[in-house]
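These numbers come from a predicted model, not from an experiment.
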Amino acid sequence: MTPEHCAEMLRAADPDRFASVMAAQPGDRARLATLYAANLEIARAALASAEPLISQMRLQWWTDQIAAIAAGQAPAPHEVITPLAAAWGPDIAPLSDLVEARHRDALRAPFDSPAEVIAHVDGCTGTVMRLAARACGFAAADPVDAQARGAGLAAWLGAYPQLRALNLGLFGDSPNDLSALAQTGIAALDSARKQARAVPRRAAPALYAGAGARRKLAAAERGEIVEIPGFFRNLSYLALSLLGRWQG
């Protein structure tokens with residue numbers, strides 16, 4: 001039950017965020033690794049069962065543990081919660097917003113509108129990226145929120161076939177609505193890029209959009225899904241590590 005164990009969880013399940021942890025300053029890695037591992041486990045809890053009540057019960061467990069940490073109490077022993085509490089302490093309180101947003105996934109119901117998808121992405125990716133940025137000493141809202149929206153929409157649209165299979169797509173699968181979401185994501189990444197000078201090098205890993213985020217959005221705008229080649233993914237990780245390139 002260590003941050004290193006959390007990082008190993010990410011290596012296979014969330015390689016983009018594993019790359020972020022490895023690119024971060026050593027003093028920031030424990031917070032990032034435990035945060036991202038918690039994000040992974042909360043997402044899994046939301047999809048633990050096709051029966052919403054079971055998934056909601058698992059999410060409630062996370063709500064209770066985060067509340068305990070925020071109150072300065074000892075949480076239940078757990079491979080992620082234990083190192084999360086040690087790395088963050090009460091500062092992890094805003095993670096409860098992520099758990100609340102994930103209750104929407106537990107319902108296994110399509111989103112009614114693009115606006116509902118955007119709100120969900122803001123609650124999920126937005127919450128995680130804001131906390132990650134704070135872990136790396138950066139608290140400005142505008143570039144983080146814009147980058148999180150672009151990164152989150154890229155991930156959501158890139159995984160659309162899998163989400164649709166879980167009944168978590170967009171109601172009606174309107175090509176125009178999906179294209180509009182992609183355009184929103186591109187505009188968000190562009191907005192964050194314009195503010196790049198305000199982002200310190202230390203915070204680059206926290207704002208990393210993920211390998212091929214813009215490429216995924218451009219493909220979704222055309223009604224396509226693209227697979228990011230391993231070479232391009234590794235090149236993106238190298239650019240993050242060596243150059244601090246986080247824009248996606």
Side-chain angles (χ1 to χ4, degrees), residues 2-44 79-80 83-84 87-88 92 95 98 121 124-138 143-159 162 185-186 188-189 192-193 195-196 199-220 225-248:
T2 65
E4 291 75 19
H5 171 75
C6 291
E8 284 303 310
M9 290 175 61
L10 297 169
R11 185 192 293 270
D14 193 345
D16 284 352
R17 288 196 169 105
F18 175 76
S20 295
V21 173
M22 293 299 100
Q25 292 186 6
D28 297 334
R29 289 176 187 167
R31 280 194 159 193
L32 289 183
T34 55
L35 171 65
Y36 293 155
N39 173 63
L40 183 63
E41 290 296 288
I42 290 167
R44 287 172 172 170
E79 62 179 353
V80 174
L84 181 76
W88 284 85
I92 201 59
L95 192 62
L98 171 65
V121 163
C124 295
T125 308
T127 297
V128 173
M129 193 172 285
R130 282 190 294 273
L131 278 166
R134 290 172 194 168
C136 295
F138 187 61
V144 177
D145 289 346
Q147 182 74 357
R149 179 172 290 185
L153 285 172
W156 193 85
L157 289 164
Q162 295 92 326
I186 292 170
L189 291 182
R193 176 178 285 180
Q195 304 174 71
V199 179
R201 173 65 180 81
R202 177 186 169 191
L207 270 70
Y208 181 51
R214 189 175 292 271
R215 185 179 294 188
K216 290 178 184 178
L217 290 167
I225 301 289
V226 296
E227 187 71 27
I228 305 302
F231 172 78
F232 183 88
R233 187 176 293 276
N234 291 335
L235 192 63
S236 178
Y237 298 159
L238 191 63
L240 171 65
S241 180
L242 296 181
L243 304 176
R245 187 174 297 165
W246 51 267
Q247 290 93 340

For [X] and [Y], work out which heavy atoms get closest and say how close.
| X | Y | value |
| --- | --- | --- |
| Y237 | A19 | CD2-CB, 3.4 Å |
| L10 | A33 | CD1-O, 4.0 Å |
| A12 | P15 | O-CD, 4.1 Å |
| F138 | A203 | CB-CB, 3.7 Å |
| A151 | M129 | CB-CE, 4.2 Å |
| P83 | T2 | CB-C, 3.9 Å |

Kindly check if the number of other-residue, nucleotide or ligand heavy atoms within 6.0 Å of CZ (R233) is above 12? yes

Query raised in the report: Around E227, counting heavy atoms of other residues, nucleotides and ligands shown, do more than 12 lie under 6.0 Å from its CD?
Result: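 Check fails, neighbour count at 12 or below.
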
Give me each pair satisfying side-chain hydrogen bond (donor to acceptor under 3.5 Å, both in side chains) with a member in residues 203-217, each pair once, sequence neighbours excluded.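 Of all non-adjacent pairs touching residues 203-217, those that pass side-chain hydrogen bond (donor to acceptor under 3.5 Å, both in side chains) are D190-R214, Y208-S236.
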
Checklist line | D145 and R130: CA distance, side-chain angles, deciding distance, side chain to side chain contact (heavy atoms under 4.5 Å, CB included) verdict | finding: CA-CA 7 Å; D145 289 346; R130 282 190 294 273; 3.0 Å; yes

First locate atom [atom1] of [X], then atom [atom2] of [Y], and finally report the distance between them rounded to the nearest 0.5 Å.
| X | Y | atom1 | atom2 | answer |
| --- | --- | --- | --- | --- |
| I42 | L98 | CD1 | CG | 4.5 Å |
| Q195 | L207 | CD | CG | 10.0 Å |
| R31 | Y36 | CZ | OH | 13.0 Å |
| R193 | Q147 | CZ | CD | 9.0 Å |
| L35 | I92 | CG | CD1 | 5.5 Å |
| N234 | I228 | CG | CD1 | 12.5 Å |

Margin query: Would you say that M22 contacts L240 through its side chain, given a criterion of any heavy-atom pair below 4.5 Å between the two side chains?
Written below: no

- Do L95 and W88 come close enough that some side-chain heavy atom pair is under 4.5 Å?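 No, side chains not in contact.
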
With V21 as partner, the option from D28, D14, L32 fulfilling side chain to side chain contact (heavy atoms under 4.5 Å, CB included) is L32

After noting the C-alpha distance and the side-chain angles of L40 and R17, does the key distance pass the side chain to side chain contact (heavy atoms under 4.5 Å, CB included) rule? CA-CA 10 Å; L40 183 63; R17 288 196 169 105; over 6 Å; no

